[in-house]
Structure formats: structure tokens, C-alpha cells
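Nothing here was measured: the structure is a model prediction, and the numbers come from that model.
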Amino acid sequence: MNHFRLILMTAALLTSGILQAKEVTVTSPNGRLTVTATDEAGLTLRMTLDGKTIVTMPVALNTSRSIRSVRRTTISEDIKASFYRQKHFTVKANQIDLKLNDGFGLHLRAYDEGIAYRFYTTNKGETIIGNEVAAFHFPKESKAWLSYTTNPEKPYAMAFQNTYHETHLVDARPLAAFLPATIEVPSGVKLTILESDLRSYPGMFLKADGDALVAEFAKYPKKMDYYRWRGMNYVAETEEYIAKSEGARTYPWRVLAVTEKDIDMPVNNLVYALATPNQIGSTDWIHPGKVAWDWWNDWNLKGVDFEAGINTRTYQYYIDFATKNHMGYIVLDEGWYDSSKGDIMNPIPDIDLQGLINYAAKKDVSIVLWTVFNVLDEHLDEACAKYAKMGIKGFKVDFLDRNDQTAIEMAERIAKTCAKYKLFLDYHGYFAPTGMSRTYPNILNYEGVFGMEEARWAKKETDMPRYDVTFPFIRMMAGQVDFTPGAMRNGTKENWVECYQNPVSMGTRCHQAACYVVHDSPFTMLCDAPTNYEQEPDYTKFIAAIPDEWDETRVLQGELGKYIITARRKGDIWYVGGQTNWDARTIELPLSFLGEGSYVTMMLTDGINANHNAEDYLLDTQSHHNGETLSIRMANGGGFVLKFGKPTIVDHF
């Protein structure tokens with residue numbers, strides 16, 4: 001090691017002879033948010049809203065550092081956002097660049113929507129980061145929404161899937177929580193902690209300590225080992241440091257998004273805006289779409305004249321179903337290769353993969369293959385070259401289940417190599433996105449969500465409808481979600497039953513349908529069996545036709561943990577999706593977001609008996625005017641989807 005750098009975020013920025021000021025402030029463009037960097041007791045950032053302190057953060061690099069210079073700049077960027085919740089958006093910020101001694105520095109930005117800071121180094125040679133410590137101190141009586149690790153023994157090794165624990169911060173559990181995390185200060189303002197541009201560095205965890213959330217990080221892997229099943233690797237031994245790098249570099253952005261209204265949370269764009277721009281060039285070859293998916297429904301076809309399972313005939317049926325409903329993809333999930341041997345280069349004998357690819361191509365359907373992260377990485381160029389040549393369009397990559405530095409490097413390496421072969425990616429078994437879809441737009445989706453797969457092994461006391469109207473406000477601030485909706489068997493709070501082989505969703509059929517509008521998800525599953533959908537062709541046609549790319553997204557109404565109403569526009573057609581928790585509610589929806597005039601409206605709403613039979617729904621066509629207000633009832637755990645189009649385009653509606 002040429003240079004050993006122990007980096008501690010608690011260290012101070014000291015003044016020098018060049019700069020005598022003990023305090024430097026940057027203000028958001030609208031003048032309401034300010035961030036002040038002081039060095040009186042170690043470098044501390046203090047954020048205020050309208051002059052009132054809402055969080056204080058000790059941060060720094062290495063041991064105590066003195067400020068050598070300060071440079072101020074203004075940021076204004078019009079961002080083209082491929083496969084994002086909107087096609088483009090503009091961000092503005094004011095920035096200060098604090099140059100520190102020993103070749104380190106700090107960028108600090110204030111946006112109207114929140115603040116962000118990142119450290120950087122201009123050092124040559126090797127830099128080793130022993131630890132990063134950041135403590136986010138909030139006012140007393142603040143509330144928190146935290147998703148804790150599901151592996152207390154090895155807290156940094158898990159699937160990043162859990163519900164939110166809503167509590168006063170001082171009463172939070174002493175467990176590592178993964179990002180994003182939301183805090184509500186006593187004034188009602190919410191701050192959500194996220195990260196962006198996470199590259200070659202471990203992701204952040206937070207642990208409650210009184211009125212503070214303190215950062216924790218997985219250490220750098222020293223030795224890896226393998227689980228016998230799936231060929232999945234895991235960290236068997238670690239170094240004493242968390243990261244190492246060579247030469248000058250920047251570190252991840254630490255983001256604190258500020259929202260005064262819950263409806264502003266799902267459309268906060270800071271994570272995407274702060275990420276490194278597109279590194280793969282043209283994205284014309286990437287096509288989002290709906291997916292006929294096998295795993296959730298357990299290959300559970302019925303009324304067919306062959307044995308359903310992981311075999312060629314079953315997947316031909318999935319392809320036929322996708323064709324009938326104008327869906328672009330099917331996924332061959334776990335089982336198409338012998339995962340116990342990690343043998344990604346050879347399909348099992350029951351799968352004629354090239355034959356399926358050819359069969360699908362004739363029907364305008366493409367195939368995506370499931371695999372494990374390290375299994376793909378260990379055969380990366382070989383697998384990409386082989387399957388791209390055969391006609392595969394992408395990979396669903398699963399079971400990363402960690403976010404240490406080498407895991408982050410693997411995810412980026414896979415994205416970069418797959419882009420070279422024009423293969424897109426669905427990152428499952430992964431943490432919440434950190435802007436990587438801006439850097440590598442071929443990553444269409446990420447899990448890091450307590451999604452529909454949980455219904456296969458959830459318990460009756462699991463409150464999924466409440467989670468469904470919580471995570472869009474918090475988790476979706478980070479970006480896309482691979483939630484995998486579309487259940488055709490639906491249960492009320494009273495009659496839901498656990499069933500692994502033939503799973504049931506919690507909440508109504510319309511609650512499921514609304515996922516296709518509420519969620520940011522450009523590559524999204526129809527999770528149930530084709531033969532279940534085929535029994536209700538009008539419903540299936542309706543949800544399959546909901547777009548996967550959008551020009552504009554607005555959250556019209558909502559309250560975290562209670563309900564959400566989201567409107568999205570594709571061309572001249574608007575969709576509105578609504579979901580509620582287990583509380584039935586009636587909402588009044590002004591149609592003023594529409595352009596002037598009358599609209600043909602398709603309305604998928606909870607049926608009159610949905611509180612008794614969660615599968616009950618009504619699909620109706622009406623006419624409405626943008627000056628009207630619709631009254632819409634949602635059943636317990638219910639939802640709805642509305643589709644608005646001008647009469648002149650009704651033939652294509």
C-alpha cells in the first residue's frame with residue numbers, strides 16, 4: 001500500500017491561514033433551505049428550513065482537516081431520463097466546494113428539494129478507507145420509518161426486503177436499517193436519507209441512537225465462500241477497512257430529500273439527478289415491457305394437455321399467452337439451468353432454449369433469463385456472448401444480497417458488459433437503486449422492496465396493503481421497483497390464506513391492478529398463471545395494455561401509510577391508479593389535471609361486493625369532462641385504475 005488513509009466522517013475541517021471563516025453557508029435557489037458547514041467541534045453540517053434547524057450532521061474525511069479554499073458554483077441541468085418516471089426534468093442547485101488539506105474536499109449542494117454532500121480526493125496512489133461515520137441528529141420527538149435488516153447475526157447480508165417500522169426515533173430498534181429511511185420532525189416536515197452515485201464503495205446502513213441515525217457500512221471482503229445451493233457466494237471473512245481505491249475519485253452522494261407534502265415524495269428526483277450520466281451511449285435497443293412470469297405462480301397452468309413445469313412446452317404456452325396480450329417478454333426463472341451447480345452455460349435437458357427463442361421471435365416475444373449475480377459474473381463475457389448471439393434480450397440477476405464495495409463493483413461490471421452485448425437487466429435480490437439507471441440505462445428495474453413474492457410465505461398478520469401505500473412514498477424516491485404484481489387470487493383481511501403453490505394477494509383485484517400505474521416499473525411482471533388470466537380476458541387485456549414508459553408522473557393525493565393516487569401520462573392518454581390500506585375510503589378526484597374537453601374513460605373499480613370477495617371488480621366505460629370531480633370508492637385493501645382518452649383517439653384507446 002503506497003498510502004494508508006484512514007477516513008473518519010467525524011473528523012473536523014479546520015480553518016487555515018488561507019481561510020479564517022469558521023462557517024460557510026449554501027442556500028437553495030428558492031432561499032428556503034440552507035446548509036451551514038462549521039468546524040468548531042469537528043466538521044458539522046446543519047440544515048435549516050425557513051431558518052429552523054431540521055437536522056445536524058457531523059461529517060468529515062480522515063483526521064481533522066483545514067479548509068484551504070471555498071469555491072461557489074450554480075448547478076442547472078436539463079436531464080433526459082431514459083425509462084424513468086418522466087422523460088426529462090430540470091434541476092437547479094447552489095454548490096460550495098470546500099478544498100481541504102492533504103488532497104481531500106467536500107462538495108455540498110442545496111436544491112429546493114433537499115441537500116446532498118459528497119467527499120472526494122485528489123490523491124495519487126492507493127487510498128484505504130478505514131471507516132465512514134456520519135450521525136444525523138434530529139429534533140426531539142421526531143418520528144421514523146425504518147426497514148431493518150432481516151439477518152441480525154450478519155446484518156449486512158440479506159435481501160433488503162422488509163416492511164417499515166413506524167416509531168418515534170428514540171424508540172427505534174437497535175438494528176441496522178437499510179436505505180431509504182424517512183424521518184418526520186415535529187413541524188411535520190419529512191427528511192428522507194438516500195444515496196446516489198454509489199460506485200466502488202459500500203452502501204450505507206443506519207442504526208438508531210437516541211435522536212440520531214448513525215451510519216454503518218459493510219467491511220471490505222477478504223475471503224469469499226459458496227453456498228452449495230445456487231452456487232451463490234458470500235463473504236466469509238472481511239478486512240478491517242470498508243473500501244480501497246486507486247488515485248483521485250469522488251465518493252457517493254449523501255442525499256437528504258426534504259418534503260412538506262407526502263405527495264411530493266414519490267416524485268423527488270434527486271437520486272437520479274445526482275448520478276453519473278449515461279455511460280453506454282444509445283439506448284434505442286432497450287425496450288421496456290410487460291412480462292409473462294413463471295416463478296410466482298409456480299408454473300401452475302391448468303386445463304392443459306401436458307405436464308406443466310420447467311420445460312419447453314410450458315414456456316411455449318407462456319409465449320402464446322404473451323402474444324395474445326401484446327406483451328413483449330417472458331422470463332425463464334430459476335430452474336432453466338442447474339442452479340445447484342451454477343451451470344449457467346448449459347440449459348437443462350427439458351429446455352430447448354434455442355427452439356424457444358425461435359418460437360418466441362416468430363410471435364414478437366423475447367426471452368429474459370434468470371441467474372445469480374456471481375454466477376453470471378464468473379462467466380460474464382462468455383455468457384453474454386453466447387446468449388446474445390442466440391437471441392436473448394437480457395438477464396434477471398438475483399441474490400446479490402449484500403452491498404459491500406466488491407458487490408457494487410460486480411453490479412457495475414455486469415451492467416457495463418451486458419450493455420456491450422446489448423442485453424438489459426432486471427436487478428432482483430438487490431438493494432434500493434442509487435441512480436445507476438442513469439449511468440447504465442440498461443438496468444431497467446431493481447427489487448429492494450417487500451414485493452409480491454412475500455405473499456407466498458407471508459403470515460396472516462403481515463399487513464401488505466399498508467406497506468403497499470407506504471413504500472411508494474419512501475422506497476420509490478430512490479427509483480424503480482421490481483414488485484412483480486398481478487395476482488388473480490385475492491383475499492380480504494378476514495379470508496386471506498397462506499398458500500405457497502397457489503398464492504393469494506392481500507387486498508382486492510383492483511389494488512393489484514393499480515400497481516401498474518402507482519409503481520415506477522418499466523419492466524414489470526404479470527405474476528400469475530396464464531390460464532388464470534385467460535379466464536378473465538377483458539381484465540387481462542386492460543392491465544397488459546397499461547404503458548411501461550411515461551411522459552409525465554404526478555401524485556394527486558395521498559398520505560403515507562394510508563392511500564395514494566397517482567396520475568401518469570403517455571402521449572395524450574392519462575392513467576390514474578389508486579390504492580388504500582385495509583381501510584375502505586371514498587376519494588373525491590378533480591379531473592382538472594386533464595386538458596380541456598371531454599374524455600372517454602375506462603374505469604376499473606372495486607366491485608360492490610369486494611369487501612366480501614376481494615376478486616370482485618367492475619370494468620366500465622363512461623364519458624367525463626375535465627371540469628368534473630369523480631367520487632370513487634375503494635374497498636378494504638382496495639384500489640382502482642382509470643384511463644382517459646379523447647374521443648378522437650378512441651379507436652386506439
query: Are Y226 and Y234 close enough that their ring centres sit under 6.0 Å apart?
result: no

Parallel, tilted or perpendicular, as decided by the 30° and 60° cut-offs, for the rings of H519 and F483: perpendicular

- request: Check whether more than 12 heavy atoms from other residues, nucleotides or ligands sit under 6.0 Å from atom CD of E237, and answer yes or no.
  value: yes

field: Results of ring-ring contact (aromatic ring centres under 6.0 Å, His included) for F89 - residues two or more places apart only
entry: Y84

query: What class does the angle between the rings of Y387 and F395 fall in, given that below 30° is parallel, 30 to 60° is tilted and above 60° is perpendicular?
result: perpendicular

- request: Return the set of residues passing side chain to side chain contact (heavy atoms under 4.5 Å, CB included) with E447 (not counting sequence neighbours), or none when no residue passes.
  value: Q161, H428, V449, E453, D482

query: Distance from Q279 atom CD to K416 atom NZ, nearest 0.5 Å?
result: 8.5 Å

message: Using the side chain to side chain contact (heavy atoms under 4.5 Å, CB included) criterion, which residues pair with D305? Sequence neighbours excluded.
response: none

field: Whether Y533 side chain and G486 backbone form a donor-acceptor pair below 3.5 Å
entry: yes

message: Students often mix this up, so state it plainly: with edges at 30° and 60°, are the rings of Y117 and F119 parallel, tilted or perpendicular?
response: perpendicular

task: Just jot down the side chain to side chain contact (heavy atoms under 4.5 Å, CB included) partners of T312, sequence neighbours excluded, or say none.
output: Q316, D352, L356

- prompt: Could E113 and K92 be called an ion pair, given the rule that one side-chain N must be under 4.0 Å from one carboxylate O?
  reply: no

query: For the residue pair Y575 and Y516, is the inter-centroid distance of their aromatic rings smaller than 6.0 Å?
result: no

task: Say whether, by atom type as modelled, one donor and one acceptor occur between the side chain of D551 and the main chain of K87 under 3.5 angstrom.
output: no

query: F399 vs W370 aromatic rings, parallel, tilted or perpendicular, using cut-offs 30° and 60°?
result: perpendicular

- line: Sorted by chain and number, sequence neighbours left out, side-chain hydrogen bond (donor to acceptor under 3.5 Å, both in side chains) with S521 holds for N445, T524

message: Is it the case that over 12 heavy atoms from other parts of the model lie below 6.0 angstrom from the NZ atom of K541?
response: no

message: Please verify the inter-ring angle class for F205 with Y156; under 30° counts as parallel, over 60° as perpendicular, anything in between as tilted.
response: tilted

message: If the condition is ring-ring contact (aromatic ring centres under 6.0 Å, His included), which residues does W293 pass it with, not counting sequence neighbours?
response: W295

message: Would the distance check show the side chain of N403 and the main-chain N or O of P202 forming a donor-acceptor pair, the cut-off being under 3.5 Å?
response: no

K244 backbone acceptor or donor facing Q405 side chain under 3.5 Å: yes

field: Any M525 side-chain heavy atom under 4.5 Å of V331 side chain
entry: yes

message: Restricting to non-hydrogen atoms, name the atom on L198 and the atom on G203 that form the minimum distance, rounded to 0.1 Å.
response: CD2-CA, 3.9 Å

query: Among F431, F424, Y430, which one satisfies ring pair (Phe, Tyr, Trp, His ring centres under 6.0 Å) with Y427?
result: Y430

- request: Salt-bridge test for E334 and R230: reply yes if a basic N is under 4.0 Å from a carboxylate O, no otherwise.
  value: yes

- request: Would you indicate whether the side-chain heavy atoms of V368 and V291 approach each other to under 4.5 Å?
  value: no

